Amino acid sequence: MTELPSKQQFDAIAGGYHKNASASLSLKAEAYTDPAWHQVDLQEIIAKTWQWVCHVEKLRDPGSYVAIEIAGHPIAIVRDREGALRAFYNVCKHRAHELLSGEGNITRIMCPYHAWVYKLDGQLVRAPHTETLVDFQPKDICLDEVQVEEFCGFVYVNLDRSAPPLRNLSGDLETEIRHWAPDIEELTFAHRLTYDIKSNWKNVVDNFLECYHCPTAHKDFCTLVDMDTYKVTTHGIYSSHMADAGQSANSAYDVSNATVKTHAVWWLWPNTCIMRYPGRSSMIILNIIPAGPDRTLETYDFFLEEKTPNEAEIESIRYLDEVLQVEDIAICESVQKGMMTPAFTQGRIVNDPDGSGMSEHAVHHFHGLVLDAYKRAAG
């Protein structure tokens with residue numbers, strides 16, 4: 001286990017942060033560059049928070065499963081025969097081999113190493129050639145469960161057995177999402193984009209949480225939405241980012257036949273971004289996955305009305321992939337390089353008390369949650 005930070009180390013990393021965003025500095029560069037803080041991120045943030053898995057459609061049928069990795073831990077999520085959603089460490093109780101890989105549908109869980117067999121509820125039912133073992137009863141062995149929850153059309157897991165339900169932690173987030181996306185559970189997976197970014201995951205989140213950089217770095221995006229209506233509001237463990245679609249032709253992608261005319265985006269602590277762009281009914285999930293002190297993996301999953309994107313949706317996916325993401329990845333990688341130099345320790349938070357898009361108060365909110373996790377780790 002990684003050694004937890006001391007109180008002195010916490011006091012040092014929290015220096016300069018102020019609860020008032022207008023008086024605060026950002027997180028220190030060390031939090032983005034030091035491998036020790038990356039390990040704290042994995043152990044004390046990612047492994048103790050609700051992590052996005054997939055849309056409920058992937059796990060609707062009995063026997064359906066998905067195998068993923070969270071903070072380095074293999075996890076399997078399964079719909080059992082009675083319809084209950086279950087999640088386990090994807091680890092055989094015999095010799096720790098991985099049980100399931102990828103996704104699919106099964107009637108039982110059989111280890112590919114020695115063929116130990118578990119029911120879909122995790123109970124061991126067969127262990128070949130163990131009849132002569134002393135004090136060995138398969139009924140006494142069960143896979144280690146982790147928390148799993150369906151929330152707003154998606155599945156989340158939490159490795160922390162003591163964590164409150166996501167629905168309880170997230171305040172009005174479900175009400176907001178269902179107001180703007182009432183059909184979220186009926187949408188279907190259509191496309192995935194993947195990226196490997198040479199930057200710390202917190203830099204990627206920082207960049208997502210403010211549009212102060214948009215007029216400079218995302219000129220096409222600023223024609224897609226009406227920046228004068230852009231409003232960012234922070235709450236508990238999430239923030240909402242709302243703007244009206246632009247009223248005239250834009251240089252991003254065609255929305256002339258759009259049925260959704262609001263740019264509605266939510267960030268859910270610590271690394272899930274839920275987005276509903278102007279166009280047809282849709283939802284995009286950006287999953288930000290820490291992969292190293294200076295490496296982040298991203299998946300963009302598009303959930304649409306139909307499995308095959310229409311022409312306008314193909315164009316919007318192309319815009320996100322070939323324009324917006326190119327711009328944002330370049331920003332994040334440049335910031336990471338700058339943070340690795342002696343020229344930068346931390347910077348000033350730019351705050352608009354009215355909550356406009358031209359403000360970094362949601363970044364400040366995120367930094368506060370990070371420091372709260374670091375403080376709990378320091379004891």
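The chain is numbered in sequence order, starting from 1. These numbers come from a predicted model, not from an experiment.
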[X] (side chain) donor-acceptor with [Y] (main chain) under 3.5 angstrom:
X	Y	result
Glu360	Asn351	no
Arg280	Glu305	no
His367	Leu27	yes
Tyr65	Ile109	no
Asp80	Leu120	no
Asn271	Ile288	yes
Thr299	Thr194	no
Gln137	Lys139	no
Ser170	Leu166	yes
Asn90	Leu100	yes

In terms of heavy-atom contacts, does [atom1] of [X] have more than 12 from other residues, nucleotides or ligands at under 6.0 Å?
X	atom1	answer
Glu311	CD	no
Lys231	NZ	yes
Asp172	CG	no
Arg108	CZ	no

Do the side chains of [Y] and [X] get nearer than 4.5 Å, heavy atoms only?
X	Y	answer
Met242	Trp266	yes
Val66	Glu103	yes
Lys93	Leu124	no
Ile317	Pro309	yes
Val225	Tyr277	no
Arg81	Thr107	yes
Met283	Phe302	no
Trp269	Thr49	yes

For [X] and [Y], test the side chains for any donor-to-acceptor distance below 3.5 angstrom and give the result as yes or no.
X	Y	result
Ser239	His241	yes
Asn287	Tyr300	no
Ser162	Asp160	yes
Gln325	Glu298	yes
Asp294	His38	no
Arg276	Ser281	yes
Asp328	Tyr195	no
Tyr238	Glu176	yes

Is there a path from [X] to [Y] through hydrophobic residues (I, L, V, M, F, W, Y) whose side chains come within less than 4.5 Å of each other?
X	Y	value
Ile237	Ile285	yes
Phe154	Val157	yes
Ile289	Leu369	no
Phe136	Val117	no
Met110	Trp116	no

What is the distance from atom [atom1] of [X] to atom [atom2] of [Y], rounded to the nearest 0.5 Å?
X	Y	atom1	atom2	result
Leu59	Ser64	CG	OG	4.5 Å
Leu193	Asp321	CG	CG	4.5 Å
Cys152	Ile274	SG	CD1	7.0 Å
Gln51	Gln147	CD	CD	13.0 Å
Lys375	Ile13	NZ	CD1	15.5 Å

For this session: Applying salt bridge (charged side-chain N to carboxylate O under 4.0 Å, His left out), run through Asp11 and Lys7 and close with a yes or a no.
Result: CA-CA 6 Å; Asp11 289 342; Lys7 185 180 183 303; 3.0 Å; yes

For this session: Measure up the His94 and Tyr113 rings against each other and bin them: parallel (under 30°), tilted (30 to 60°), perpendicular (over 60°).
Result: tilted

Seminar exercise, completed: Residue set satisfying ring pair (Phe, Tyr, Trp, His ring centres under 6.0 Å) with Tyr89, at least two apart, ordered chain then number -> His73

Seminar exercise, completed: Residue set satisfying ring pair (Phe, Tyr, Trp, His ring centres under 6.0 Å) with His364, at least two apart, ordered chain then number -> Tyr17

For this session: Show your reasoning for whether salt bridge (charged side-chain N to carboxylate O under 4.0 Å, His left out) applies to Lys337 and Glu333.
Result: CA-CA 6 Å; Lys337 284 183 179 179; Glu333 293 186 342; over 6 Å; no

For this session: Check each of Arg79, Arg167, Arg60, Lys58 against Glu150 using the salt bridge (Lys or Arg N to Asp or Glu O under 4.0 Å) test, and report the only one that passes.
Result: Arg79

For this session: Before accepting this row, confirm whether a basic side-chain N of the pair Arg86/Asp121 lies closer than 4.0 Å to the acidic partner's carboxylate O.
Result: no

For this session: Assess whether side chain to side chain contact (heavy atoms under 4.5 Å, CB included) is satisfied between Glu149 and Val155, documenting all intermediate values.
Result: CA-CA 6 Å; Glu149 185 174 339; Val155 175; over 6 Å; no

For this session: Apply side-chain hydrogen bond (donor to acceptor under 3.5 Å, both in side chains) to Gln336 and Ser334, showing your working.
Result: CA-CA 5 Å; Gln336 187 70 25; Ser334 177; over 6 Å; no

Measuring centre to centre across the rings, with the benzene-like ring taken for any Trp, is [X] within less than 6.0 Å of [Y]?
X	Y	result
His191	Phe303	no
Tyr32	Trp37	no
Phe208	Trp201	no

For this session: Step by step, work out the side chain to side chain contact (heavy atoms under 4.5 Å, CB included) result for Thr272 and Tyr156.
Result: CA-CA 10 Å; Thr272 303; Tyr156 294 79; 4.1 Å; yes

Problem set entry | Derivation of the side chain to side chain contact (heavy atoms under 4.5 Å, CB included) call for Leu159 and Lys48 | CA-CA 6 Å; Leu159 306 192; Lys48 293 186 176 181; over 6 Å; no

Exercise. Are Ser240 and Trp267 close enough, and set up right, to give a side chain to side chain contact (heavy atoms under 4.5 Å, CB included), and what steps lead you there?
Worked result: CA-CA 7 Å; Ser240 58; Trp267 166 78; over 6 Å; no

